[in-house]
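Below is one structure, written out as C-alpha cells, with a few remarks after it.
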Amino acid sequence: MMGLLWVKLCKVMEYKLSNQPIKLVVMVSGSGSNLQALIDAIEDKSLSAEIIHVISNRKNAYGLERAKKHGIPTTIVSLKPYTDDGRGREQFDVDLANVIKSLSPDLVVLAGWMHILSETFLTTVGIDVINLHPALPNMFAGVQAIERAYEAFQQGDITHSGCMIHHVIPEVDAGDVIVQAEVPILPDDTLDAFATRMHQAEHCIIVEAVKKIQEQKETTHE
Ligand code: GRF
C-alpha cells in the first residue's frame with residue numbers, strides 16, 4: 001500500500017522535459033538502486049540526462065553491474081593504496097576530483113557513495129555535487145541513518161523519518177536541501193519494511209532533484 005503511495009508521488013511531479021540532457025557522473029558504493037532509478041527515468045524519457053560515467057570506491061558494488069548492463073562506462077577507485085603508501089586521503093580526493101573533471105560532467109551525484117569527500121575535493125572538482133541522505137535535514141548524519149531512525153521510533157523519540165537530496169559541503173550530510181520527502185514509520189513496521197519504503201522515496205527524490213537542478217541551470221542560462 002505504501003509502495004503505491006510513493007509510486008504515485010513520483011508520477012505526479014511535473015517538470016518541463018529539457019532538450020539539453022544534463023551530463024551526470026554518478027558515484028556509488030553499493031547496490032546502486034538509486035543509480036538504477038536515474039537510469040530508468042532516462043530510459044522512460046521522464047528525465048533528460050546522460051549518465052556519462054559511474055564511479056565506485058568498492059570493486060564488488062552491484063551498481064557497477066547495473067552501469068555495465070546499460071553500457072555506461074565505469075571506474076573503480078580505491079583509497080587503500082593511498083593510505084598504504086602514505087599519499088593519504090587528501091591526495092586521493094584530489095586525484096578523484098581530477099578524474100571527474102576530465103569527464104566534464106554538469107553535475108556529480110553521490111548515490112549511496114560511502115566515502116567522505118574533503119573540502120579539497122569540492123574545490124578541485126569545481127562543479128555542483130549532490131548527495132542522497134536517508135534522513136531529514138539535521139537528522140542522523142553519517143552511516144546507518146535508516147537503522148538509527150527505526151531505533152529512535154521504537155524508543156518514541158521520533159514519529160517519522162525521511163530522506164533528502166542536498167548540495168554537498170564539507171560538513172557530512174549537511175548543505176542546502178534540494179528535495180526532501182517525509183517517510184512514515186508504522187507501528188508494526190519491521191526494519192526491512194521501513195527500509196523498503198525509504199528506498200522507494202529515495203528513488204523518487206533523486207530523479208526529482210536532478211530535474212530541479214537542470215531547470216535551475218536552464219533558467220540561469222536563458
Ligand atoms: C541508500 O539508502 C542511501 O541513502 C544510503 O545508502 C543507500 C544506497 O542504496 N546512503 P543504493 O546503493 O542506491 O541501492
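Both counts, for ligands and for their atoms, begin at 1 and track the order of listing. Here the structure is a predicted model, which is why all the values come from computation and not from measurement.
Atom CD of Glu119 is surrounded by 12 or fewer heavy atoms from other residues, nucleotides or ligands within 6.0 Å.
Using modelled atom types and a 3.5 Å distance limit, the side chains of Thr74 and His53 yield no donor-acceptor pair.
For Pro187, the side-chain contact (heavy atoms from CB on, under 4.5 Å) criterion is met by no residue, not counting sequence neighbours.
Residue contacts with ligand 1: Asn34 is placed with a nitrogen or oxygen under 3.5 Å of a nitrogen or oxygen of the ligand (distance criterion only).
Taking the ring centre of Tyr82 as origin, the terminal cationic atom of Arg87 falls inside the region bounded by 6.0 Å and 45° from the ring axis.
Residue nearest to atom 11 (P) of ligand 1, selected from Ser33, Gly112, Gly30, Ala61: Ser33 (by heavy-atom distance).
For ligand 1, the atoms closer than 4.0 angstrom to any heavy atom of Glu202 are 1 (C), 2 (O), 3 (C), 4 (O). Close approach of ligand 1 to His199 (heavy-atom distance below 4.0 Å) involves ligand atoms 2 (O).
Residue contacts with ligand 1 include Gly32, since one of its heavy atoms falls under 4.0 Å from the ligand. Ligand 1 lies within reach of Leu132, whose nearest heavy atom is under 4.0 Å from it.
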_Go through it in stages, so that I can follow the logic: the residues are Glu202 and His199, the test is side chain to side chain donor-acceptor pair (under 3.5 Å), and I'd like the CA-CA distance, side-chain angles, deciding distance and then a yes or no._
CA-CA 5 Å; Glu202 291 174 354; His199 295 318; 3.0 Å; yes
